[in-house]
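Please read the structure below before turning to the comments.
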Amino acid sequence: VSINYDKNFIKKLFRTKLKKKLAAMESERKALKNKGGVFALTAICALIMAIVNPNLFFSLNFANLDPQDFFVLIGLIWVALFIYFMVQYNKYRKKFKHQIIKEVIQAVLPGSTYTPDGYVPRSDYQKSSFFLTSENRFGGEDLITHQYKGINYQFSELTTKKVTGSGKNKSTKIIFRGIFLTCELPYKIKYRTLILPDLGEKMFGRMIGKFFQSKNITRDELVKLEDVDFEKNFVVYSKDQIEARKILTPRMMAKILDYDKKTNHTIHLCFEPGKLYMAIPMRKNYFEPNLTSGIKYKDIRDVCDIIHTITSIIDVLEIENTPEK
Amino acid sequence: MSPIIIIIAALVAFSFLVFIFIFNSIKGKRNEIENATGGIDTYLKQRYDLIPNLVQAVKKYMEHEKSLLENVTKLRTQAMSANPKSDDIAQINNEISKMLGGIMVSVENYPDLKSNTNFIDLQKTLKEVEENIAASRRYYNSAVTDFNNSLDMFPSNIVAAMMGMKRRAVFEAPEHEKKNVNLKELF
């Protein structure tokens, strides 16, 4: 099963299939955009009024109602209309994902399955051990499952958080937001090899950064590699120095570095016995409808680009070429 | 006790702690070299054990490469009887690598041999062992570089001199391996 990633193919897909579907959804989008605008505007006006002159709220008299009751009533109507708007928006969003995103994904990744509400299992996220802070909120969407060159893999958007305290003391820390990939690994490996962005070296310089990394008791042994560029960008931990170097051959390091530069995001990789995990933190949500300006060719192209970026890791790491398969 | 004495005592205690820390760190680095050397030896031993099986499997087919097979067997015997710490051993192992590479290239001329299951298994194991040797040599080089750096840098160089530590040589890839780098695949 191949990956269809070609500029002309995507253009043709947009012209022949997506444009019509998007046009049919256009009136719905515009109506939602206007409603959303009204809600945003009324909310902003109310907020400004409350800040500038709170007494104004209570000086108004409408239909002989008590000013407080009047504003409670207005508030309730506003909330009810907002809920109605959100229901409409979710319907549109669902339609967009089923009709547009699904079409794009199945065209780019033939034979794939797309679950808009699905996400990679929490156990995979935890096994990767990319992030030391333990999460107590875990969620995601847009799960894509596919087989490429005989390798089964899946990826989705994930958001993990740690929420502490309650009420006024409540604080939320986002641990990870981005795309998480889990892929079967036919390598015969015994231990985990973790490749993380080298924040220590960037913050404290090579010598001090390496010193702290080598003393990091929360991770396995630090693996110092000979590729200076790779070392500047990544830090590698493993229980087995030789196995880590078997995975990270000089050629592989060059390829991962090149991949990291091309993605424009900081990649995290974890080789586990039987599994490969990759996390790419990113803020942009690529699989959502754009209410303000509608979906253009460039947005579809961006979706294809991100799918290609994620799936190309299988080519980069040459997972299918392992003799031990 | 006067403050000066307290300061001097604190400085001496601090220097002593730093000394212990550097001393242990250098010892740790030296042990890492030993560990890496052990890794290389293990995989070289695996390769020595594999050679007779390989020669046995291919000699029926490779009549024209008889001398190559004899040489690799001879080198194996030399390597096994040589002192593992001698300078010659690296040269012998490089020669073995070169010859095994030669055998694998010659196999291309023997389609029957190429499809032989026993040979395919041996080839796979040999490739794995070669990969392990390459990885353990890289580990060794990394450990030696780390150790040599602590012998060159201040203040660890003072402690290392007191300990009588000497620089170690890194493993250099043989010329034929350097030539085989495929730049096209890298860029």
Side-chain angles (χ1 to χ4, degrees), chain A residues 186-191 193 205-215 217 220-231 234-262 271 315-318 321-325, chain B residues 21-22 24-25 28-29 31-44 46 120-150 152-154 156 170-173 177-178 180-187:
Chain A
Y187 292 160
K188 271 185 192 163
I189 57 170
K190 287 183 203 153
Y191 302 104
T193 293
R206 189 173 161 73
M207 268 186 70
I208 301 170
K210 276 275 164 288
F211 174 78
F212 283 127
Q213 283 161 353
S214 66
K215 304 288 172 217
I217 52 160
D220 292 328
E221 267 180 58
L222 176 73
V223 179
K224 290 179 191 170
L225 295 157
E226 65 276 27
D227 188 319
V228 181
D229 262 357
F230 189 86
E231 276 289 303
F234 296 105
V235 55
V236 180
Y237 295 102
S238 176
K239 266 187 188 150
D240 189 331
Q241 295 276 345
I242 295 171
E243 191 175 79
R245 283 171 176 88
K246 253 183 93 178
I247 295 168
L248 294 167
T249 60
R251 185 163 164 270
M252 197 52 76
M253 284 191 279
K255 287 183 88 177
I256 293 174
L257 206 55
D258 185 46
Y259 177 77
D260 184 62
K261 279 176 189 159
K262 275 183 191 157
F271 293 81
D315 286 324
V316 170
L317 301 177
E318 298 168 6
N321 288 337
T322 52
E324 295 86 5
K325 208 176 142 184
Chain B
F21 178 77
I22 296 173
N24 286 341
S25 156
K29 282 170 185 171
N31 290 345
E32 210 177 334
I33 296 176
E34 302 306 326
N35 184 22
T37 313
I40 298 175
D41 290 345
T42 307
Y43 294 120
L44 284 175
Q46 274 183 19
I120 292 169
D121 285 346
L122 277 168
Q123 198 181 24
K124 216 165 97 175
T125 317
L126 184 67
K127 190 178 174 253
E128 170 114 33
V129 172
E130 291 289 354
E131 279 173 6
N132 284 335
I133 292 171
S136 50
R137 278 173 176 167
R138 285 171 56 216
Y139 173 39
Y140 172 83
N141 279 356
S142 156
V144 167
T145 308
D146 228 19
F147 176 78
N148 286 346
N149 282 345
S150 60
D152 292 342
M153 286 176 185
F154 178 81
S156 53
V170 291
F171 177 84
E172 282 187 42
E177 277 181 23
K178 284 183 192 167
N180 285 348
V181 173
N182 190 347
L183 290 173
K184 237 185 183 179
E185 282 183 331
L186 275 175
F187 302 105

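In what follows, every chain begins at residue 1, and chains take the letters A, B, ... in the order their sequences are listed. Every heavy atom of this structure was used, including side-chain atoms; hydrogens, water molecules and symmetry mates were not.
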Counting heavy-atom pairs closer than 4.5 Å to chain A, which one of B/A36, B/A134, B/A143, B/S142 comes out on top?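 Top count of heavy-atom pairs under 4.5 Å with chain A: B/S142.
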Ignoring hydrogens, what is the shortest heavy-atom contact between A/I242 and B/G39? Give both atom names and the distance. CD1-CA, 4.2 Å
How many angstroms lie between atom CD of A/Q241 and atom CZ of B/R138, to the nearest 0.5 angstrom? 11.0 Å
If I take atom CD from residue A/E226 and atom CG from residue B/N141, how far apart are they, to the nearest 0.5 angstrom?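 Answer for the CD-CG pair, A/E226 versus B/N141, is 8.0 Å.
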When A/I247, A/L248, A/L225 are compared by non-hydrogen pairs under 4.5 Å with chain B, the top option: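 The candidate making the most pairs under 4.5 Å is A/L248.
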Please look at B/Y43 and chain A and tell me whether the side chain, the backbone, both or neither of the residue comes under 4.5 angstrom of a heavy atom of that chain.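 Only the side chain of B/Y43 comes within 4.5 Å of chain A.
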